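Computed over heavy atoms, backbone and side chain alike; hydrogens, waters and symmetry mates excluded. Note that ligands are numbered from 1 as they come in the structure, with each ligand's atoms numbered from 1 the same way. Note that the structure is predicted; figures quoted are calculated from it, not measured.
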Amino acid sequence: MPCGGGLVKTKGDRKIAAVLGGAKPPEPEKVTPLSGDLQPLISRKTQGLKGRIRVPGDKSMSHRALMLGAISIGETRIRGLLESDDVLATARAMDALGAKVTTGADGAWHVRGVGVAGLTSPEAPLDFGNAGTGVRLCLGLMASTPLTARCIGDASLSRRPMGRVIEPLEKIGARFEASEGNRLPLTIHGAKDAVPITYTLPVPSAQVKSAVLLAGLNTPGHTTVIEPVPTRDHTERMLKAFGARISSEDRADGRHISVEGQHELKGQELTIPGDPSSAAFPLVAALITPGSALTIENVMLNPTRLGLVETLLEMGANIEIQDRRVSGGEEVGDLAVKTSRLKAVRVPAHRAPSMIDEFPILAVAAAFAEGSTRMEGLAELRVKESDRLAAIQAGLTANGVLSQAGPDWLEVMGGGAPGGGKVTTHLDHRIAMSFLVMGLGARIYTTVDDGRMIATSFPDFTGLMNGLGARIAPAEGK
Ligand code: S3P
């Protein structure tokens, strides 16, 4: 079976079975179609979100755990893996490249790896769905091994730039046949004799950094990435845990991260903590909904991911970090949050990489703050699952919130959201969740045109929010 061979489904989870279980390989030249019709959702004004919750496992770590497991010797056991569409696409890709990915009766995911040089050509195209992290990191993983793979994705992913990884990976020796503008669908031919490079990141992107470092694992000598602006460092931390020869040093021109290739990695036991980017939604929901008090347990507190919490604290948010501890090589803690009067702040450009996925929900918080919040350094938002800067502004406008934007900045006038608007989500999960959160605090409801993409990162978002007291439901006729 090209896409699902070796996968054992013992959990009885129909979703996992459907995604991993030998689904028909998609047509090579098409974008992945979304199943079913649009699912409009409505979110109504709510009082008092209360409870203790856990959000699903971190998406960045989940992708990386599957990929490093796939090229290790022995078995990697992963607890707390995010079982979302994006991550399941990566699981299926690892399986198709020769690793064995299974779910166990113990609730963990098991990956039997093939070694750093062991990946083989998949029989069918690898379908990454909506996942930029999945495809860009996997291109790196494949780039230094002589295999050929066709990569496809949905309409959103097929619009996103792949040139940013193609450029360094070509220098290592991989060859690409990409669609116009260096986009998907594309075919990669991994290098037979990969050469090590030193590469300075032209954009602050953890995906590009990670793609180059992963390519370095099967390349002789030292592959080095110079990172002028720090970005999330999960690849570096996890590589260390798997026994890779990786070092980093801060110099005048940035952090130099170097991996020595062609040394085997060893399978690990990993526990993935809660995703701070998912925790952001109930966190802001509690801040803007009167009478709320909730605790979000077991949230990853890696400093390269904490820009939103830092910003909300500056805005006057009542957030307490409790029970800080270390789990799975990452600091974690519980976030206790209460309804707060927020005031506007200026978010400096240098903070953007540590909260790059959180600007849509920060814009919602800013709409409820007193004064005008300015966010800078947002150029990368233009190339996310949607043009997020444009999508945020359109969503604010639709709901009666005034804003201004430039090429890489956004200013949101606070004072509360009238609501009543329908938001176009453009296949972007974070736009959908952010404007559903807005509805909980708006004068009247908000609606979003399609909630299907929420499953890419936070499958039970609606159930979890409604369990706290939110009122999010299918929008009949709105
Ligand atoms: C990610 C890096 C970020 C982020 C994405 C996850 C990662 O993208 O937006 O959701 O796991 O490396 P960029 O590296 O393109 O900024």
Side-chain angles (χ1 to χ4, degrees), residues 56-68 81-82 84-87 89-90 128-141 153 156-157 159-168 182-183 199 201-215 225 227-239 257 272-273 275-281 300 302 304-308 330 349-362 377-389 391-392 408 427-431 433-434 453-454 456-458:
D58 185 68
K59 181 152 73 71
S60 294
M61 289 180 73
S62 295
H63 284 297
R64 287 158 172 81
L66 289 167
M67 290 187 197
L68 294 191
L81 188 87
L82 168 63
S84 73
D85 289 353
D86 274 15
V87 174
T90 290
F128 290 96
N130 192 253
T133 307
V135 70
R136 294 200 180 110
L137 267 59
C138 193
L139 287 172
L141 198 71
S156 155
L157 190 58
R159 281 193 294 267
R160 298 181 67 183
M162 295 298 139
R164 54 180 55 198
V165 288
I166 290 176
E167 194 227 332
N182 275 333
R183 289 169 213 275
Y199 188 70
L201 292 180
V203 282
S205 166
Q207 293 179 359
V208 179
K209 167 176 69 175
S210 303
V212 175
L213 292 175
L214 293 177
V225 176
E227 185 179 51
V229 181
T231 64
R232 65 189 70 193
D233 62 357
H234 307 300
T235 301
E236 297 91 304
R237 285 173 186 248
M238 216 180 269
L239 276 172
I257 307 149
I272 313 271
D275 192 330
S277 298
S278 296
F281 300 107
M300 192 231 293
N302 180 312
T304 62
R305 300 284 298 281
L306 282 189
L308 177 73
E330 293 280 2
H350 68 77
R351 196 182 294 161
S354 67
M355 54 180 298
I356 196 65
D357 292 335
E358 278 70 79
F359 285 104
I361 193 64
L362 177 64
L378 308 190
E380 279 293 299
L381 292 198
R382 300 277 184 198
V383 289
K384 293 296 177 190
E385 286 82 333
S386 64
D387 174 345
R388 270 192 188 150
L389 201 37
I392 293 170
D408 64 350
L427 299 177
D428 190 331
H429 53 133
R430 298 198 201 282
I431 295 297
M433 288 186 277
S434 297
M453 302 316 293
I454 292 172
T456 63
S457 70
F458 200 157

Nearest candidate to atom 16 (O) of ligand 1, where distance is taken over non-hydrogen atoms, out of Arg430, Arg388, Lys384: Lys384
Asp357 neighbourhood, listing ligand 1 atoms whose heavy-atom distance to it stays under 4.0 Å: 4 (C), 5 (C), 9 (O), 10 (O)
Backbone of Glu358 reached by a side-chain donor or acceptor of Arg430 within 3.5 Å: no
Check: Gln207 N/O within less than 3.5 Å of ligand 1 N/O: yes
Ile166: side-chain contact (heavy atoms from CB on, under 4.5 Å) partners, not counting sequence neighbours: Met162, Glu170, Phe176, Ala178, Asn182, Leu186
side-chain contact (heavy atoms from CB on, under 4.5 Å), paired with Met355, selected from Thr304, Ile361, Leu362, Leu306: Leu362
Nearest-contact summary for atom 11 (O) of ligand 1 - protein heavy atom, Å: Ser60 OG, 2.7 Å
Identity of the nearest option to atom 12 (O) of ligand 1, non-hydrogen atoms only, from His234, Glu380, Arg64, Lys59: Arg64
Main-chain N/O of His63 paired to Thr90 side chain as donor or acceptor, under 3.5 Å: no
Side-chain touch Asn302/Asp233, heavy atoms, less than 4.5 angstrom: yes
Member of Lys59, Arg305, Arg232 meeting the salt bridge (Lys or Arg N to Asp or Glu O under 4.0 Å) criterion with Asp275: Arg305
Mode of Lys209 contact toward ligand 1 - side chain, backbone, both, neither (heavy atoms, under 4.0 Å): neither
Atoms in ligand 1 flagged as close to Thr133, the criterion being non-hydrogen separation under 4.0 Å: 1 (C), 5 (C), 6 (C), 7 (C), 11 (O)
Distance-only N or O hit between ligand 1 and Ala206, under 3.5 Å: yes
